[in-house]
Undergrad: 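Here's a structure for you.
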Amino acid sequence: MSATTPGTATDVLTLGETMVALRGSGPLKLGGSMDVSVAGAESNVAIGLARLGHPTRWAGAVGDDEAGELVLRTLRAEGVDVSGATRDPDAPTGLILFEPRLPEVTRVHYYRAGSAGSRLTAASVEHAFASPGAPRVLHLTGITPALGPSALDACRRALQLAREHGTTVCLDVNFRSRLWSDEESAAVMRSWIPYVDVLIASDDELPLCVPETTAAGEAHALAKALLAQGVREVVVKLGADGATAYTGDGELYAPARPVRAVDAVGAGDAFVAGYLSALLDGDDVAGRLDRAVTTGAFAVASHGDWEGAPTRAELGLLGAGPGTVVR
C-alpha cells in the first residue's frame, strides 16, 4: 500500500459522509455482539484507490467525538489523506447498522439525521480542493447531496472548482431511497450532468440522469443520450452480470469475475475504485472494465464495506485455482 502524505499531489479527491458501522450476526431485536468498523461510499472508494497506490484525499466532516476519531484513524491507517476533513463540535458522527436477515438479504438502518457529515460546508471543500493543488479526479456520489442543504452546496462548489481547474469529474449515482425520492434525486443528478465526465450507475439509476422526456428506454439508449449531453464515459453496473461501458467509440461489455459470494455490500464502490485506478493509469476502456470487475469481485468475496479491497500486487489472485496456497 502506498500511503498518501498530506501536502503531496492528489490523484483523487472525494467527499461525503463516513459513519461508524455496527454489524450484527442476526436480528437486531435479539441483541448479541456486533463488529465495529466504518462505512461510507466515498471513503470506500478512497481506501480502494489508496490500496492500489493512488494518492487519495477524503474531505468530509465528523463529529468531535470518539466515533469521529475512529473514522479518521481508520482512513489514515489505510493511507488516505484526511487533512481536508473537519471536526464538527456541534453534531455527532453518523451511525449505520447492518442487520443480516437471510444469507442474501441484509437490512441497513441509518442514524445520520443532523450528523456532522450532513453539515459538510462549501468552505471546507474549497480548502480540501486547493491544498496543495487541484486533484486529477473529483469523485462524487448521489448520496452526499441527499444528506441536507449544506452537503448539497458543498457538492455544487466542488463541481464548480473541478470545472475551474480542469479536473475530471466522476459521478456514481448511488441512489438511496431512504434518503430522498426519485424526483428529488433526478432534479439534482440532471443538473450535475453538464459537469460530469465519467458517469457510473446501475441500469435502473440511468433514468435519474437524463431529461424527463427521454427517461424511458433501454440502458443503451439512455447512455447514448448522456453521451450526447457531453458525458465522456457512461459505465453501467450490472451486478453479477458484469458491466458495460459506453463511449463515443461504441460500447464494451465485461462479464463479472466468478467468485464465491460472501457479502455484496461495498462491491459497487470497489468497482468504482478499480475503474478510476485504471483510468488514472492510462488504460483503455477494456482495461478499466477488467480492473473494475476484478476489484468488485474481491469485495463480493469478502465481508465488510472495504476490508476486502485488493492491493495492486493482489489483483492477479483471482486467476489462481481453487485450493491454491501462495507461499
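Each residue takes its place number in the sequence, starting with 1.
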Undergrad: Do Asn44 side-chain atoms and Gly40 backbone N/O form a donor-acceptor pair below 3.5 Å?
TA: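 Pair found, side chain donor or acceptor close to backbone of Gly40.
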
Undergrad: Enumerate donor-acceptor pairs with a distance under 3.5 Å from any side-chain N or O in residues 65-75 to protein atoms, sequence neighbours excluded.
TA:
unit_1	atom_1	unit_2	atom_2	d
Asp65	OD1	Ala67	N	3.4
Asp65	OD1	Gly68	N	2.7
Asp65	OD1	Thr93	OG1	2.8
Asp65	OD2	Thr93	N	3.1
Glu69	OE1	Arg87	NH2	3.4
Glu69	OE2	Arg87	NE	2.7
Glu69	OE2	Arg87	NH2	3.2
Thr74	OG1	Leu70	O	2.7

Undergrad: Does the Lys NZ or Arg CZ of Arg163 fall within the cation-pi geometry relative to Tyr195 - under 6.0 Å from the ring centre and within 45° of the axis?
TA: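 That pair qualifies as a cation-pi contact.
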
Undergrad: Say you draw a straight line from CG of Asp11 to OG1 of Thr168; how long is it, rounded to the nearest 0.5 Å?
TA: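 Output value for this atom pair is 11.0 Å.
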
Undergrad: Dump the intermediate steps for side-chain contact (heavy atoms from CB on, under 4.5 Å) on Leu22 and Asp35, then the final yes or no.
TA: CA-CA 6 Å; Leu22 300 180; Asp35 293 328; over 6 Å; no

Undergrad: Between CD of Glu78 and CH2 of Trp58, what distance do you get to the nearest 0.5 Å?
TA: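 With rounding to 0.5 Å, CD (Glu78) is 14.0 Å from CH2 (Trp58).
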
Undergrad: Take Val12 and Arg57, measure what side-chain contact (heavy atoms from CB on, under 4.5 Å) needs, and give me the verdict at the end.
TA: CA-CA 6 Å; Val12 179; Arg57 180 178 300 130; over 6 Å; no

Undergrad: Quick one: does Pro255's side chain get under 4.5 Å of Val293's, heavy atoms only?
TA: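 SC-SC contact between Pro255 and Val293 ruled out.
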
Undergrad: On a heavy-atom basis, which atom in Ala91 and which in Gly114 lie closest, and how many Å separate them?
TA: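 Minimum heavy-atom contact is CB-O, 3.5 Å.
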
Undergrad: Checking salt bridge (Lys or Arg N to Asp or Glu O under 4.0 Å) against Lys237, which of Asp204, Asp172, Asp203 comes through?
TA: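 Among the candidates, only Asp172 passes.
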
Undergrad: Do side-chain atoms of Thr295 reach the backbone of Ala270 as a donor and acceptor pair under 3.5 angstrom?
TA: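 At least one qualifying donor-acceptor pair exists.
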
Undergrad: Using ring-ring contact (aromatic ring centres under 6.0 Å, His included) as the criterion, list what pairs up with Phe298, not counting sequence neighbours.
TA: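 Scan of Phe298 (ring-ring contact (aromatic ring centres under 6.0 Å, His included), adjacent residues dropped) gives none.
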
Undergrad: Is the shortest heavy-atom distance from the side chain of Asp64 to the side chain of Asp88 under 4.5 Å?
TA: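 SC-SC contact between Asp64 and Asp88 ruled out.
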
Undergrad: Can you tell me if Thr311 uses its side chain to pair, donor with acceptor, with the backbone of Arg51 under 3.5 Å?
TA: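 The answer is no, because no donor-acceptor pair under 3.5 Å joins these two groups.
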
Undergrad: Is any side-chain heavy atom of Leu30 closer than 4.5 Å to one of Pro27?
TA: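 They are in side-chain contact.
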
Undergrad: Work out which heavy atom in Leu179 is nearest to a heavy atom in Ala146; give both atom names and the distance.
TA: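 For Leu179 versus Ala146, the nearest heavy atoms are CB-CB, 3.8 Å.
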
Undergrad: Out of curiosity, Leu97 CG to Leu28 CG, how far, rounded to the nearest 0.5 Å?
TA: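 Separation between the atoms: 6.0 Å.
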
Undergrad: Give, for atom CD of Glu42 and atom NE2 of His139, the distance between the pair rounded to the nearest 0.5 Å.
TA: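 It comes to 6.0 Å.
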
Undergrad: Return the minimal non-hydrogen interatomic distance between Ala162 and Val169, and the atom names on each side.
TA: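 Taking Ala162 first and Val169 second, the nearest heavy atoms are CB-CG2, 3.6 Å.
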
Undergrad: Looking at Ala41 and Asp269, what are the two nearest heavy atoms and their distance?
TA: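 Heavy-atom minimum between the residues: CA-OD2, 3.4 Å.
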
Undergrad: State whether the side chain of Ser83 and the backbone N or O of Asp81 hold a donor-acceptor pair below 3.5 Å, judged by distance alone.
TA: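 It does not hold such a pair.
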
Undergrad: Does any donor atom in the side chain of Thr106 or Glu99 lie under 3.5 Å from an acceptor atom in the other side chain?
TA: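 No - no donor-acceptor pair under 3.5 Å links their side chains.
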
Undergrad: Donor-acceptor pairs under 3.5 angstrom involving side-chain atoms of residues 222-236: please list them, not counting sequence neighbours.
TA:
unit_1	atom_1	unit_2	atom_2	d
Glu233	OE1	Tyr275	OH	2.5
Glu233	OE1	Arg288	NH1	2.9
Glu233	OE2	Arg288	NH1	2.6

Undergrad: Could you check Leu138, Leu15, Leu171 and say which one makes a side chain to side chain contact (heavy atoms under 4.5 Å, CB included) with Cys155?
TA: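 Going through Leu138, Leu15, Leu171 one by one, the side chain to side chain contact (heavy atoms under 4.5 Å, CB included) with Cys155 is satisfied by Leu15 alone.
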
Undergrad: Taking salt bridge (charged side-chain N to carboxylate O under 4.0 Å, His left out) as the definition, give me every residue that meets it alongside Arg23, ordered by chain and number, with sequence neighbours left out.
TA: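 Partners of Arg23 under the salt bridge (charged side-chain N to carboxylate O under 4.0 Å, His left out) test: Asp263, Asp305.
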
Undergrad: Would you say the side chains of Arg291 and Ser277 form a donor-acceptor pair under 3.5 Å?
TA: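 Looking only at side-chain atoms, Ser277 and Arg291 do form a donor-acceptor pair, the distance falling under 3.5 Å.
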
Undergrad: Could you check if a side-chain atom of Arg190 sits within less than 4.5 angstrom of a side-chain atom of Pro211, using non-hydrogen atoms only?
TA: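 No - every pair of side-chain heavy atoms lies 4.5 Å or more apart.
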
Undergrad: Is a side-chain donor-acceptor pair under 3.5 Å present for Thr294 with Arg257?
TA: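 On atom types as modelled, these side chains qualify, holding a pair under 3.5 Å.
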
Undergrad: Could you tell me whether the side chain of Ser43 and the main chain of Ala46 form a donor-acceptor pair under 3.5 Å?
TA: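 Between the backbone of Ala46 and the side chain of Ser43 there is no qualifying donor-acceptor contact (under 3.5 Å).
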
Undergrad: Applying ring-ring contact (aromatic ring centres under 6.0 Å, His included), can you list everything that pairs with His165, at least two apart in sequence or on another chain?
TA: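 Partners of His165 under the ring-ring contact (aromatic ring centres under 6.0 Å, His included) test: Phe129.
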
Undergrad: Using a 3.5 Å distance criterion without hydrogens, assess whether the side chain of Asp281 forms a donor-acceptor pair with backbone atoms of Asp283.
TA: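 Pair absent, no side-chain N/O of Asp281 close to backbone of Asp283.
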
Undergrad: Provide the closest heavy-atom pair for Ala128 versus Ala59 in the form atom of the first, atom of the second, distance.
TA: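 Shortest heavy-atom separation between Ala128 and Ala59 comes out as CB-CB, 3.6 Å.
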
Undergrad: Which heavy atom of Ala122 sits nearest to which heavy atom of Arg157, and what is that distance?
TA: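 Minimum heavy-atom separation between Ala122 and Arg157: CB-CB, 3.8 Å.
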
Undergrad: Any donor-acceptor pair under 3.5 Å linking the side chain of Arg312 with the backbone of Leu52?
TA: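 Yes: the side chain of Arg312 pairs with the backbone of Leu52.
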
Undergrad: Within the distance-only criterion (no hydrogens, no angle test), does the side chain of Trp306 pair as donor or acceptor with the backbone N or O of Val38 below 3.5 angstrom?
TA: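 Side chain of Trp306 to backbone of Val38: a pair is present.
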
Undergrad: Between the side chains of Ser115 and Glu17, is a donor N or O closer than 3.5 angstrom to an acceptor N or O?
TA: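 Yes.
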
Undergrad: Is there a donor-acceptor pair closer than 3.5 Å between any side-chain N or O of Thr10 and the backbone N or O of Leu13?
TA: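 Such a contact is absent between Thr10 side chain and Leu13 backbone.
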
Undergrad: Is there a side-chain contact (heavy atoms from CB on, under 4.5 Å) between Tyr253 and Leu289 once you walk through the steps?
TA: CA-CA 8 Å; Tyr253 168 75; Leu289 282 175; over 6 Å; no

Undergrad: Determine whether a donor-acceptor pair (N or O, by modelled atom type, separation under 3.5 Å) exists between the side chain of Arg136 and the backbone of Leu280.
TA: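 It does hold such a pair.
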
Undergrad: Tell me the salt bridge (charged side-chain N to carboxylate O under 4.0 Å, His left out) pairs involving residues 241-254, sequence neighbours left out?
TA: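 Listed by first then second residue: nothing to list.
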
Undergrad: Please tell me if the side chains of Ile96 and Val108 come closer than 4.5 Å, counting only heavy atoms from C-beta onward.
TA: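 Of all side-chain heavy-atom pairs linking Val108 with Ile96, at least one is under 4.5 Å.
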
Undergrad: Run the side-chain contact (heavy atoms from CB on, under 4.5 Å) check on Arg176 and Tyr110 step by step: do they pass?
TA: CA-CA 11 Å; Arg176 295 290 186 269; Tyr110 295 111; 3.7 Å; yes

